[in-house]
Amino acid sequence: MQAFEYYSPTKLVFGLDCIKDKLSAEIKSRGYKKVLMTYGGGSIKRSGLYDLVQAELKQAGCTVFELSGIEPNPRVTSVDAGAAICKKEGIDLVLAVGGGSTMDASKAICAAACYDGASWDLVLDSSKITAALPLFTINTIAATGSEYDSAGVITNLETKEKLPIGSVLLWPQVSFLDPSLTYTVPANQTIAGTCDMMSHFFEAYFVRNLSPIAQGVIEAAERIAIANTPIALKDPTNYEARSKLLWASTLGCNGFATLGSSATIFPCHAIEHEVSAYYDITHGIGLAILTPRLLRFWLEKDPSVAPRYIDLACNIFGLKRENYGSEAELIEAGLKSLEDFYASLGVPSGLGKLGITNEHFKAMAEHIKTHWIASFDDCFVPMTTDDIVTVLERSL
Ligand code: NZQ
Ligand code: ZN
């Protein structure tokens with residue numbers, strides 16, 4: 001086991017109808033009075049959540065300001081707009097109601113509201129975050145885990161960059177998780193959410209030293225995602241399936257699944273963020289296309305990592321060693337099971353299907369080298385910029 005420090009100061013409130021009375025009580029007990037409510041393109045109005053939240057804010061005696069229209073792959077322009085409202089109105093709480101994009105933009109708003117300068121500065125250098133407004137979240141989709149981590153991902157269309165912003169000051173203070181709020185998530189976003197959460201756990205699985213406790217958590221989470229996504233797709237209001245997906249996703253991205261292991265450097269995410277920055281694709285879908293290619297590339301480059309692939313086959317997909325003539329056949333069957341699962345969800349077979357060409361692959365790989373949070377030398381199998389280009393080419 002590797003040494004670690006872990007601090008996760010977010011209060012989680014999970015369960016059916018968990019917002020009613022509890023949201024107002026949490027706000028009142030902390031004395032917040034001026035709230036910026038942030039949300040996306042309107043799903044919360046269609047589902048009725050907007051009205052529920054407004055009633056709670058009224059019950060708490062708050063003055064409410066709103067920022068709507070936060071985009072999937074949230075833009076820095078939305079962050080600037082939110083920060084401007086906070087500064088002008090003296091906001092004392094940001095309440096994010098929506099998916100990862102709304103929560104991420106809101107984290108950046110919390111930081112930018114306390115910073116004299118352009119919010120993009122804080123994305124380029126998060127050490128400049130020295131204060132942030134408090135954040136509550138109401139998560140409406142099982143995907144990113146943003147409701148229980150201290151990071152966000154912001155897109156700058158002008159510079160073609162999609163980069164993380166992170167600070168210990170950005171943990172939400174309280175996050176509400178009502179699985180029934182995810183009933184209305186459309187099939188394509190349910191699928192993308194599953195692919196995203198699975199990727200978070202894979203990023204923590206394919207590391208050099210894997211803690212056996214982390215391994216068990218990750219394998220269970222992957223099995224739960226694989227078993228429950230088809231149920232949620234067939235029966236969108238299935239509470240048990242939606243609740244398992246939501247809770248698994250909440251644990252995926254805040255470091256919990258890596259405790260005792262070597263740190264993950266999120267290589268698949270680094271590559272996907274580059275593709276998203278150029279082509280504005282859905283995050284989870286990009287990850288699902290890239291993941292099997294990345295895994296196959298690592299095994300090819302360093303066959304000594306094979307034991308982890310056997311674990312994938314046996315512990316996640318339930319394959320039995322005795323049914324295969326060799327370890328290589330077992331590993332291949334495991335990888336094929338993963339690819340078949342993504343295909344069964346309707347994930348496109350390659351980036352080319354999304355209109356992507358190899359035109360910018362070299363620039364993407366170079367950008368990772370200079371801008372990602374960690375070095376690709378520390379990947380499960382170390383990767384050069386040429387290796388990144390190869391994985392991208394194979395993902396077309
Ligand atoms: O905008 P609205 O109208 O709310 O609709 C959204 C949006 O169109 C819809 N949606 C969400 N909840 C719904 C719903 N529709 C109906 N019913 C509901 N209950 O789904 C669409 C996608 O929403 P979005 O917030 O973009 O999805 P997601 O949660 O997958 O977030 C993706 C973003 O998070 C970043 C990604 O890169 C991407 O920008 N990530 C954030 C991370 C973090 N903070 O730790 C880690 C992740 O790896 C990821 O990078
Ligand atoms: Zn992700």
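The figures here come from the full heavy-atom set of this structure, side chains too, leaving out hydrogens, waters and symmetry mates. As the structure lists them, so they are numbered: ligands from 1, and atoms in each ligand from 1.
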Derivation and outcome, side-chain hydrogen bond (donor to acceptor under 3.5 Å, both in side chains), residues S180 and D178 | CA-CA 5 Å; S180 73; D178 178 345; 2.8 Å; yes
Do R30 and D92 sit within salt-bridge range, that is, some charged N less than 4.0 Å from a carboxylate O?
-> no
Using a strict 4.0 Å threshold on nitrogen-to-oxygen distance, state whether K107 and E147 make a salt bridge.
-> no
Drop me the distance from C114's SG to L169's CG, to the nearest 0.5 angstrom.
-> 9.0 Å
Proximal heteroatom of H269 relative to the Zn ion (ligand 2) (N/O/S) = NE2
Would you say ligand 1 has an N or O under 3.5 Å from any N or O of I44?
-> no
Decide whether the shortest distance between a heavy atom of G193 and an atom of ligand 1 is less than 4.0 Å.
-> no
Identify, by atom number and element, the atoms of ligand 1 in contact range of V153, meaning under 4.0 Å from any of its heavy atoms.
-> 40 (N), 41 (C), 50 (O)
min-distance protein heavy atom vs atom 49 (C) of ligand 1 -> H283 NE2, 3.2 Å
Name whichever N, O or S atom of D196 ends up nearest to the Zn ion (ligand 2).
-> OD1
Numbered in order shown, the ligand 1 atoms found under 4.0 Å of a heavy atom of H269 are 48 (O)
Could you tell me which atoms of ligand 1, counted from 1 in the order shown, lie closer than 4.0 angstrom to a heavy atom of H273?
-> 37 (O), 50 (O)
Nitrogen or oxygen of A151 less than 3.5 angstrom from that of ligand 1 = yes
Indicate yes or no for a side-chain donor-acceptor contact from E366 to the backbone of T385 under 3.5 Å, with no hydrogens or angles considered.
-> no
Residue E272, metal the Zn ion (ligand 2), N/O/S under 2.8 Å | no
Considering the heavy atoms of P186, write down every atom of ligand 1 situated less than 4.0 Å from one of them.
-> 15 (N), 16 (C)
Which ligand 1 atoms, with their elements, are less than 4.0 angstrom from a heavy-atom of G99?
-> 25 (O), 29 (O)
Could you check K33 against T63 for side chain to side chain contact (heavy atoms under 4.5 Å, CB included), going step by step and ending with a plain yes or no?
-> CA-CA 6 Å; K33 287 287 169 210; T63 307; over 6 Å; no
Exercise check, heavy-atom protein proximity under 4.0 Å to atom 23 (O) of ligand 1 | no
Short N or O distance, G40 and ligand 1, threshold 3.5 Å exclusive = no
At what distance, to the nearest 0.5 angstrom, does CG of L36 lie from CG of L67?
-> 6.0 Å
Does an N or O anywhere in K162 fall below 3.5 Å from an N or O of ligand 1?
-> yes
For the atom pair CZ (F341) and OG1 (T194), what is the distance rounded to the nearest 0.5 Å?
-> 6.0 Å
Consider ligand 1: state whether an atom of it lies below 4.0 angstrom from any non-hydrogen atom of E272.
-> no
Give, for atom OG of S395 and atom CZ of F297, the distance between the pair rounded to the nearest 0.5 Å.
-> 11.0 Å
Kindly assign one of parallel, tilted or perpendicular to the pair Y6 and F256, based on the angle between their ring planes and the thresholds 30° and 60°.
-> tilted
Geometric N/O contact N73 with ligand 1, under 3.5 angstrom = yes
Give the C-alpha distance, both sets of side-chain angles, the deciding distance and a yes or no for side-chain hydrogen bond (donor to acceptor under 3.5 Å, both in side chains) between T390 and R293.
-> CA-CA 9 Å; T390 302; R293 274 71 174 214; over 6 Å; no
Logged contact type for M103 with ligand 1, heavy-atom cut-off 4.0 Å, is neither
Can we call the ring centroids of Y205 and Y309 under 6.0 Å apart?
-> no
Do you see an N/O/S atom of H200, backbone or side chain, under 2.8 Å from the Zn ion (ligand 2)?
-> yes
Qualifying residue for side-chain contact (heavy atoms from CB on, under 4.5 Å) with H283, from D196, V153, V275 | D196
What is the nearest protein non-hydrogen atom to atom 17 (N) of ligand 1, stated with its residue, atom name and distance?
-> T184 OG1, 2.8 Å
Rounded to the nearest 0.5 angstrom, the CD1-CE distance for I138 and M103 is 10.5 Å
Report the part of S101 (side chain from C-beta onward, or backbone N, CA, C, O) that has a heavy atom under 4.0 Å from ligand 1; answer both or neither where that applies.
-> both
Within-shell test, C253 vs ligand 1, heavy atom, strictly < 4.0 Å = yes
Quick one: look up the protein heavy atom nearest atom 8 (O) of ligand 1 and list residue, atom name and how far away it is.
-> P72 CG, 4.1 Å
Consider only side-chain N and O atoms of S276 and E272, and report whether a donor and an acceptor are under 3.5 Å apart.
-> yes
For atom CG of D116, is the number of surrounding heavy atoms from other residues, nucleotides or ligands below 6.0 Å larger than 12?
-> no
For ligand 1, which atoms sit closer than 4.0 Å to a heavy atom of H200?
-> 46 (C), 47 (C), 48 (O)
Quick one: does E66's side chain get under 4.5 Å of Q54's, heavy atoms only?
-> yes
Are F380 and R308 close enough that some pair of their side-chain heavy atoms sits under 4.5 Å apart?
-> yes
Nearest to atom 13 (C) of ligand 1 by heavy atom, I165, N188, T140: which?
-> T140
Could you establish whether G145 and ligand 1 come within less than 4.0 Å of each other, counting only heavy atoms on the residue side?
-> no
Can you pull out the closest protein heavy atom to atom 20 (O) of ligand 1? Residue, atom name and distance to 0.1 Å, please.
-> Q189 CG, 3.5 Å
Which part of L181 is near ligand 1, with near meaning a heavy atom under 4.0 Å away: side chain, backbone, both or neither?
-> backbone
Which residue holds the protein heavy atom closest to atom 1 (O) of ligand 1, what is that atom called, and what is the gap in Å?
-> G41 N, 2.7 Å
Protein heavy-atom partner closest to atom 29 (O) of ligand 1 - residue, atom, separation in Å = G100 N, 2.7 Å
Just going by heavy-atom distances, which of L287, T102, D149, I141 is nearest to atom 43 (C) of ligand 1?
-> D149
For A143, atoms of ligand 1 separated by under 4.0 Å from a heavy atom | 29 (O), 30 (O)
What part of S43, side chain from CB on, backbone N/CA/C/O, both or neither, has a heavy atom under 4.0 Å from ligand 1?
-> both
Could you grab the distance from atom CH2 of W247 to atom OH of Y148, nearest 0.5 Å is fine?
-> 6.0 Å
Among all protein non-hydrogen atoms, which one is nearest to atom 41 (C) of ligand 1, and what is the separation to 0.1 Å?
-> D104 OD2, 2.9 Å
S126 and S167: side chain donor to acceptor below 3.5 Å = no
Within a distance of under 4.0 Å, is there any protein heavy atom near atom 11 (C) of ligand 1?
-> yes
So which of N228, T190, T237 actually passes side chain to side chain donor-acceptor pair (under 3.5 Å) with R242?
-> T190
What is the closest protein heavy atom to atom 34 (O) of ligand 1, and at what distance does it sit?
-> T144 CG2, 3.3 Å
Measuring from the heavy atoms of P74, does anything fall under 4.0 Å of ligand 1?
-> yes
